[in-house]
Amino acid sequence: MFKNKKGSLSRLVITAVLGAALIAGNGLAATGLLAASLRPDAAPYALADTNAAPADVVITGGDRAQSGQERVATTSAESEAWSALFETMQEEFGPIGDWSLEHYAEFSRRIAELGLPNNGIVYGVPTADDITQEEAIKIFTDTLVADYGLTKETLAKFDPYMQAFNVIDPDNPEWRLSLNPKDTADYADIGAYFCIVNARTGEILELKTAADAVG
């Protein structure tokens, strides 16, 4: 369930994960599948608080121009179109695990351009008004320590991941983050966590956990 390997998503997983319905309705079920590692030594893309897009991405109409109401894919044709676009973008920009936030934003721009459903996620790029992903991660982990009693030793067993910077509501952008065990064998003991943080206020909007034993 918690896959961290780059470029290994099947067509079925692509539809489910990039559709983001799993993230919206059951964040932990999708944890790690869409993730790009936030560790500095493992992140090959621009930091989230960088406004400059990579040279191979052209974002037109502004990062948040495509924000709007949620619309979920309901037909096989729409799902196939999602998958086809995803595969095209992987050919252009490489495996999803290597994508920057600008690449994700370009994906949402193309989704809107093709008239396809956004499935509740419109990828964007943070502005100066938004907290950084590092700040969001700190809010996330501080809450786990304060409210869930996690120790520093336990936190050290996780890697943080970015699920999405969601701007479907441009006035209330969200960081969607997860903590996955570095060693999947630890899942039964420490579980995994999914969190949504309001990028303007720093408020935690949702926090989910899945574990047999936590602490």
For a quick test of reading the model, state the closest non-hydrogen atom pair linking Tyr123 to Ala164 and the distance between them.
CE2-CB, 3.5 Å
Kindly indicate, with the supporting measurements, whether the criterion side chain to side chain contact (heavy atoms under 4.5 Å, CB included) is fulfilled by Leu207 and Phe140.
CA-CA 9 Å; Leu207 198 158; Phe140 185 8; 4.3 Å; yes
Taking the side chain from Lys152 and the backbone from Val145, do they hold a donor-acceptor pair closer than 3.5 Å?
no
Ser178 side chain to Asn180 main-chain N or O, any donor-acceptor pair under 3.5 Å?
no
Could you report the tightest heavy-atom contact between Ser108 and Ile121, atom names first, then the distance?
OG-O, 4.1 Å
Any Lys/Arg nitrogen of Glu106 or Arg109 sitting under 4.0 Å from an Asp/Glu carboxylate oxygen of the other?
yes
Could you tell me which non-hydrogen atom of Pro181 sits nearest to which non-hydrogen atom of Ala192, and how far apart they are?
CD-CB, 4.2 Å
Would you check if Val197 and Glu203 make a side-chain contact, meaning some heavy-atom pair closer than 4.5 Å?
no
Does any non-hydrogen side-chain atom of Ile190 lie less than 4.5 Å from one of Leu150?
no
Anything under 30° is parallel, anything over 60° is perpendicular, the rest tilted; go ahead and classify Phe107 against Trp99.
tilted
Could you tell me whether the side chain of Asn166 and the main chain of Val122 form a donor-acceptor pair under 3.5 Å?
yes
Mind checking whether Phe93 and His103 have parallel, tilted or perpendicular rings, split at 30° and 60°?
tilted
Spacing of CD belonging to Glu91 relative to CZ belonging to Phe86, to within rounding of 0.5 Å:
11.0 Å
Could you measure the distance from the CG atom of Leu177 to the OH atom of Tyr161? Nearest 0.5 Å is fine.
13.0 Å
Is any side-chain heavy atom of Thr141 less than 4.5 Å from a side-chain heavy atom of Phe158?
no
Would you say the side-chain atoms of Asp142 pair up with the backbone N or O of Ile139, donor to acceptor, closer than 3.5 Å?
no
Nearest 0.5 Å, what's the CD1-CG distance between Ile111 and Leu116?
4.5 Å
Evaluate the side-chain proximity of Phe165 to Trp175: yes if any heavy-atom separation is below 4.5 Å, no if none is.
yes
Passes side chain to side chain contact (heavy atoms under 4.5 Å, CB included), Lys157 versus Asp183? Steps please.
CA-CA 8 Å; Lys157 296 181 179 181; Asp183 184 346; over 6 Å; no
Let me confirm one number: the CD-CE distance from Glu92 to Met89, rounded to the nearest 0.5 Å.
6.5 Å
Contact between Ile204 and Cys195 at the side-chain level, heavy atoms closer than 4.5 Å - yes or no?
yes
Do the side chain of Gln90 and the main chain of Ile96 share a donor and acceptor less than 3.5 angstrom apart?
yes
Distance from Met162 atom CE to Ile137 atom CD1, nearest 0.5 Å?
10.5 Å
Reported CG-to-CZ distance for the pair Asp169 and Arg200, which is rounded to 0.5 angstrom
9.0 Å
So, for Ile131 and Gly202, which heavy atoms are closest and what is the spacing to 0.1 Å?
CD1-CA, 4.1 Å
Working for side chain to side chain contact (heavy atoms under 4.5 Å, CB included), residues Thr154 and Leu144:
CA-CA 10 Å; Thr154 299; Leu144 291 177; over 6 Å; no
